[in-house]
Asker: 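Following this message is one structure expressed as structure tokens.
Lettering of chains follows the sequences in order, A, B, ..., and the numbering in each one begins at 1.
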Amino acid sequence: MRIGELARQTGVSARSLRYYEQQGLVHSTRSAGGQRLYAATEVARVEIIRRLFDAGLSSKVIARVLPCVDSGTADVTEDAFTTMVGERDRLTADIARLVETRDALDELIAANVRHQIGLRRGDRGAG
DNA sequence: ATTCTGACA
DNA sequence: TGTCAGGA
């Protein structure tokens with residue numbers, strides 16, 4: 001498939017897909033006219049990449065970890081493994097921070113519901 | 001109509 | 001990353 005279809009199937013823009021390729025994250029062949037051609041398996045790969053980016057991993061880190069995604073079992077480099085463990089720990093810390101922020105918002109919400117009740121009737125409320 | 005590379009707000 | 005230029 002060409003870049004447009006991959007973009008539609010993954011929700012990742014063609015611009016980002018070209019960027020992913022520059023970073024060595026995705027592979028493509030070229031048509032006679034120079035257009036990128038992707039294997040159907042790249043869809044799942046791109047989805048994983050996008051999720052890692054969303055989770056805060058850098059393109060550099062993602063590139064280091066991706067080989068493990070393909071191999072699944074075999075040659076897992078040591079630095080790749082330690083990188084994954086480190087990123088997992090960072091995500092755990094990020095999650096904890098997000099929960100704290102949500103708790104803070106919950107308190108703010110609880111402290112302000114009464115005002116909303118006074119201002120609006122039939123309000124579905126925040127909880 | 002779609003994609004490509006390079007470059008910049 | 002979005003978007004425009006200038007080509008294929």
Asker: Whole-Å distance between dT5(B) P and Q35(A) CD?
Answerer: 10 Å

Asker: Calculate, to the nearest 0.5 Å, the distance between atoms OG and CG belonging to S59(A) and L52(A) respectively.
Answerer: 11.5 Å

Asker: OP1 or OP2 of dT1(C) versus the side-chain N and O atoms of S13(A): is any pair under 4.0 Å?
Answerer: no

Asker: Please report the interatomic distance CD(Q35(A)) to OG1(T29(A)), rounded to the nearest 0.5 Å.
Answerer: 11.0 Å

Asker: Measure distances between side-chain N and O atoms of R15(A) and base N and O atoms of dT3(C), and say whether any donor-acceptor pair falls under 3.5 Å.
Answerer: yes

Asker: Show me the dot-bracket string of DNA chain C, counting Watson-Crick or G-U pairs under 3.5 Å, with | for pairs to another strand and [ ] for crossing ones.
Answerer: .|||||.|

Asker: Classify the nucleic acid contact of G34(A) as base, sugar-phosphate or nothing, counting any heavy atom under 4.0 Å across all strands shown.
Answerer: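 Sugar-phosphate only.
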
Asker: Which atoms form the tightest heavy-atom contact between L25(A) and I49(A), and what is the distance?
Answerer: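 Closest approach of L25(A) to I49(A): O-CD1, 3.5 Å.
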
Asker: If you apply the rule side-chain contact (heavy atoms from CB on, under 4.5 Å), what do you find for R45(A) with L66(A), and how did you get there?
Answerer: CA-CA 9 Å; R45(A) 191 184 183 79; L66(A) 272 182; 3.9 Å; yes

Asker: Look at the aromatic rings of F53(A) and Y19(A) and report parallel, tilted or perpendicular, splitting at 30° and 60°.
Answerer: tilted

Asker: According to a strict under-4.0 Å criterion, is R36(A) in side-chain N/O contact with OP1 or OP2 of dT3(B)?
Answerer: no

Asker: Using whole Å, what does the distance between atom P of nucleotide dT1(C) and atom CG of L17(A) come to?
Answerer: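 It works out to 10 Å between those atoms.
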
